[in-house]
Undergrad: 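Just passing along the structure, written as structure tokens.
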There are 2 protein chains.
Amino acid sequence: MTEASERFARMHAALRDRICLLDYTPGTRLSEAELATEFKTSRTPVRRVLARLEDEGLVQTRHGIGTIVTDANIRTMAQTYELRMELAQLAGQLSPRPVRPADLQRLDALCRQTEALVIRPDPRAFAVLNMHLHQFLTSLTSNAALCQVSDRLYYQTARIWLLAIPDLDLLSEVQIFAAEIWQIHTALSTGDLRAVGLLRRAHISMSFKRLGGF
Amino acid sequence: MTEASERFARMHAALRDRICLLDYTPGTRLSEAELATEFKTSRTPVRRVLARLEDEGLVQTRHGIGTIVTDANIRTMAQTYELRMELAQLAGQLSPRPVRPADLQRLDALCRQTEALVIRPDPRAFAVLNMHLHQFLTSLTSNAALCQVSDRLYYQTARIWLLAIPDLDLLSEVQIFAAEIWQIHTALSTGDLRAVGLLRRAHISMSFKRLGGF
DNA sequence: ACACCATGAATTGCGTACAAAATACGCAGA
DNA sequence: TCTGCGTATTTTGTACGCAATTCATGGTGT
């Protein structure tokens, strides 16, 4: 990994997270010049990052207007959700890798953070935790192609829950998540990755329903 | 679709096809300057296209060296093949769209071209036909996300067969393909998209075995 | 008062010059 | 002859100026 590609990865991850955590809400206009100043570079590398984000469907760039954060709603994302469900199940079947003690420790840590969240709920902290759980689960499959695809689809849909939280009960959502992550913990501690995949699929499906996707 | 994005799409499709049809064999170095001259533009738009191709795994760019067409072999692509199989089956289940007469006509045309190929086999023409079949089949699902993902994975693995053809019997491969496309035609004429997906999965699986992927 | 046009400001797209990096090659020395 | 170093060459990465495009705004005519 060269220096240039490291900076690219940093900028890309930073902007992607800001979009998915609603630091940039849909409709926000991202100025190439401002980003270039912030990251202490010229517009050229910034444009590479924005082009990639556009390919990933997180922004849309139009000549003479600007680069605008795309909208995300459950209706247009229904198909993406559907696919994510299938892939989550698949991740438990396709070339799983052996579960190591370090994996369980990582999941333990996530469980503890979730319980802290039940005591003091916070939408953004919740979204971050959800993202970490996703990253952890994708790390459990050794199928690199599946990881890439799942990641891509996850980041496309990640914002929807955070956008819908005003219409939901935050504490209730956190409690549901806490129950889910404990179920996953139980399945993983027995080494049953297939069950982990099925649980994950079920949870995605239920959250889709709660979000009004029918 | 603006003019700039159209040119981008043209250049991207052109280079992608050249790579997948082995006009650019693995290891070929693509010169930004040469491509800029060919497409009558500057290096800037060319670099955008190459960056995208790199994201898709078809080339790799290294500072001071050049942009090199990546290698593709059945061993490193085994996981991608596995995922493609599952997605092919999924395409028959997830939000299928009604089959129109125009679809059957299009498949008819492909069948005729295949029969012409049986009489006069040609590796490149075969690869082109295979690509058209793929594009036709992805057009049958209305799940846009699934289409995008399937496309991406297809182009990552498309070269493998063409690279392996010296070790295979071309006529035999063409005949197998002819049988496959007729089976798909039969299934599609009854409107059974689920069967189409299962057939496609079976064919991908068998071609994977023939290519030595076990 | 309202509609319409022109003009200016802001933004992305492109082209080009230069910097950074890696390789190829020649030459000197052992 | 072989090894090692330095330099020239080639290539990608970055910065910046300018062109192209869009929108807002104000002015003008009816």
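Naming: A, B, ... by sequence-line order, numbering from 1 per chain.
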Undergrad: Starting at atom CG of Leu35(A), determine the distance to atom C1' of dT14(D), rounded to an integer number of angstrom.
TA: 17 Å

Undergrad: Atom CZ of Arg7(A) and atom C1' of dA20(C): how far apart are they, to the nearest Å?
TA: 12 Å

Undergrad: Within the 4.0 Å heavy-atom criterion, would you say Arg43(A) contacts the bases, only the backbone, or no part of the nucleic acid?
TA: base

Undergrad: Quick check on DNA chain C: between Thr67(A) and Ile65(B), whose nearest nucleotide comes earlier from the 5' end?
TA: Thr67(A)

Undergrad: Between dA15(D), dT16(C), dT21(D), spot the one nearest the side chain of His63(A), thanks.
TA: dT21(D)

Undergrad: CE of Met11(B) versus P of dG13(C): gap in Å, rounded?
TA: 15 Å

Undergrad: How long is the line joining CZ of Arg29(A) and C1' of dA9(C), in whole Å?
TA: 11 Å

Undergrad: Search all heavy atoms of Leu110(A) against all heavy atoms of Leu133(A) and return the closest pair with its distance.
TA: CD1-CA, 4.0 Å

Undergrad: Atom CZ of Arg48(B) and atom P of dG15(C): how far apart are they, to the nearest Å?
TA: 12 Å

Undergrad: How would you label the contact of Thr41(B) with the nucleic acid (heavy atoms, under 4.0 Å): base, sugar-phosphate, or nothing?
TA: sugar-phosphate

Undergrad: Once rounded to the nearest 0.5 Å, what's the spacing between atom CZ of Arg75(A) and atom CG of Asn73(A)?
TA: 8.0 Å

Undergrad: Tell me whether the count of non-hydrogen atoms from other residues, nucleotides or ligands lying under 6.0 Å of CZ in Arg97(A) goes above 12.
TA: yes

Undergrad: Ala4(B) or Glu34(A): which one's nearest nucleotide on DNA chain C is closer to the 5' end?
TA: Glu34(A)

Undergrad: For dA21(C), does either OP1 or OP2 sit under 4.0 Å from a side-chain N or O belonging to Arg62(B)?
TA: no

Undergrad: Does Arg47(B) reach a base, just sugar-phosphate, or nothing at all? Heavy atoms under 4.0 Å.
TA: base

Undergrad: Could you tell me whether Arg84(A) sits above the aromatic face of Tyr154(A), with NZ or CZ closer than 6.0 angstrom to the six-membered ring centre and within 45 degrees of the axis?
TA: no

Undergrad: Just how far, in rounded Å, is C1' of dT12(C) from CD1 of Ile68(A)?
TA: 12 Å

Undergrad: Base, sugar-phosphate, or nothing for Leu30(B), non-hydrogen atoms under 4.0 angstrom?
TA: sugar-phosphate

Undergrad: Using 4.0 Å as the upper bound for N to carboxylate O, is an ion pair formed by Arg201(B) and Glu86(B)?
TA: yes

Undergrad: Nearest whole angstrom, please: distance from the C1' of dT11(D) to the CD of Glu54(B).
TA: 14 Å

Undergrad: For a quick test of reading the model: is some side-chain N or O of Thr44(A) closer than 4.0 Å to OP1 or OP2 of dT14(D)?
TA: no

Undergrad: Considering every strand and a 4.0 Å limit on heavy-atom distances, what is the contact class for Thr61(A): base, sugar-phosphate, or nothing?
TA: sugar-phosphate

Undergrad: Return the value, rounded to whole Å, for the distance between atom CD of Glu3(B) and atom C1' of dT22(D).
TA: 16 Å

Undergrad: State which of dT12(C), dT10(D), dC14(C) makes the closest approach to the side chain of Glu32(A).
TA: dT12(C)

